[in-house]
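Notes to accompany the following structure.
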Amino acid sequence: MQEEYEKPKHQDKIAALDNLSLGISIVAAIIIGFGIGYGLKQLTGYTWTLWLGIFWGVLAAFMNVYKAYKRAQKEFEGMENDPRYSYRAKHGDTSFDDED
C-alpha cells in the first residue's frame, strides 16, 4: 500500500510569509547598515564610515535576494522532470504568445 504525500495544511501561508519576509529583510538590512555606519561616524568622526555602513546594508540586502533566488530555483528544479511540465521544458510553450 503506497502512502500518498499530503500537503501540510498551512504550507501556502508559510510560503507567502517567507516571500513577505524577503521584502522586510531588505529594508531591515539597509536600516541596520545605516545604524552601524552612523554609529561608526559618531565614534570616529569620519563621514565615509557612514557610507561604508550603508554599503554593507545594501550588500546584505542583495545577499538576501540572492539566497531567496537560489532557494526558489532549487524548489522549481524538480518541476522539469514532472510529466505535467516536461513537454513545455523540452519544446517550449507558445500557447500564451498568440493573444492577437
Side-chain angles (χ1 to χ4, degrees):
M1 189 165 165
Q2 183 181 11
E3 294 182 24
E4 292 185 28
Y5 173 73
E6 291 187 23
K7 186 175 166 183
K9 184 177 181 181
H10 300 291
Q11 184 175 3
D12 295 335
K13 294 173 187 170
I14 292 171
L17 286 174
D18 188 40
N19 292 334
L20 176 65
S21 70
L22 176 64
I24 293 170
S25 70
I26 290 171
V27 174
I30 295 172
I31 290 173
I32 291 170
F34 174 79
I36 291 171
Y38 185 75
L40 287 173
K41 180 183 175 204
Q42 294 299 318
L43 287 174
T44 62
Y46 296 116
T47 305
W48 63 270
T49 57
L50 172 67
W51 293 106
L52 182 65
I54 292 172
F55 174 74
W56 284 336
V58 170
L59 189 65
F62 278 118
M63 287 296 294
N64 288 338
V65 171
Y66 179 74
K67 287 178 184 178
Y69 168 74
K70 291 305 257 184
R71 186 173 52 242
Q73 187 178 23
K74 184 183 285 187
E75 183 178 319
F76 291 123
E77 275 180 357
M79 290 178 68
E80 65 187 25
N81 296 328
D82 191 342
R84 293 179 289 179
Y85 305 110
S86 63
Y87 181 82
R88 290 181 178 178
K90 290 178 185 174
H91 305 288
D93 184 20
T94 59
S95 64
F96 296 110
D97 296 336
D98 298 331
E99 295 184 10
D100 292 337

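Basis for what follows: all heavy atoms, side chains included, without hydrogens, waters or symmetry-related copies.
There is a path of hydrophobic side-chain contacts, each under 4.5 Å, that joins Val58 to Val65. The cluster map of Ile, Leu, Val, Met, Phe, Trp and Tyr, joined by side-chain heavy atoms under 4.5 Å apart, puts Trp51 and Ile32 in different clusters. In the hydrophobic clustering of ILVMFWY residues, with side-chain heavy atoms under 4.5 Å counting as a link, Leu52 and Ile36 come out together. Tyr46 and Leu40 fall within a single hydrophobic cluster, where Ile, Leu, Val, Met, Phe, Trp and Tyr side chains are chained together by heavy-atom contacts under 4.5 Å.
Nearest heavy atoms, Ala61 versus Ile30: CB-CG1, 4.3 Å. When all heavy atoms of Ala60 and Ala29 are compared, the closest pair comes out as CB-CB, 4.0 Å. The shortest non-hydrogen separation linking Lys41 to Leu50 is CD-CB, 4.2 Å.
One finds the CH2 atom of Trp56 at 15.5 Å from the CE atom of Met63 (value rounded to the nearest 0.5 Å). Separating the CD1 atom in Ile31 from the CD1 atom in Ile24 is a distance of 11.0 Å, to the nearest 0.5 Å.
Every residue two or more places apart in sequence or in another chain that forms a side-chain hydrogen bond (donor to acceptor under 3.5 Å, both in side chains) with Tyr38 is listed here: Gln42.
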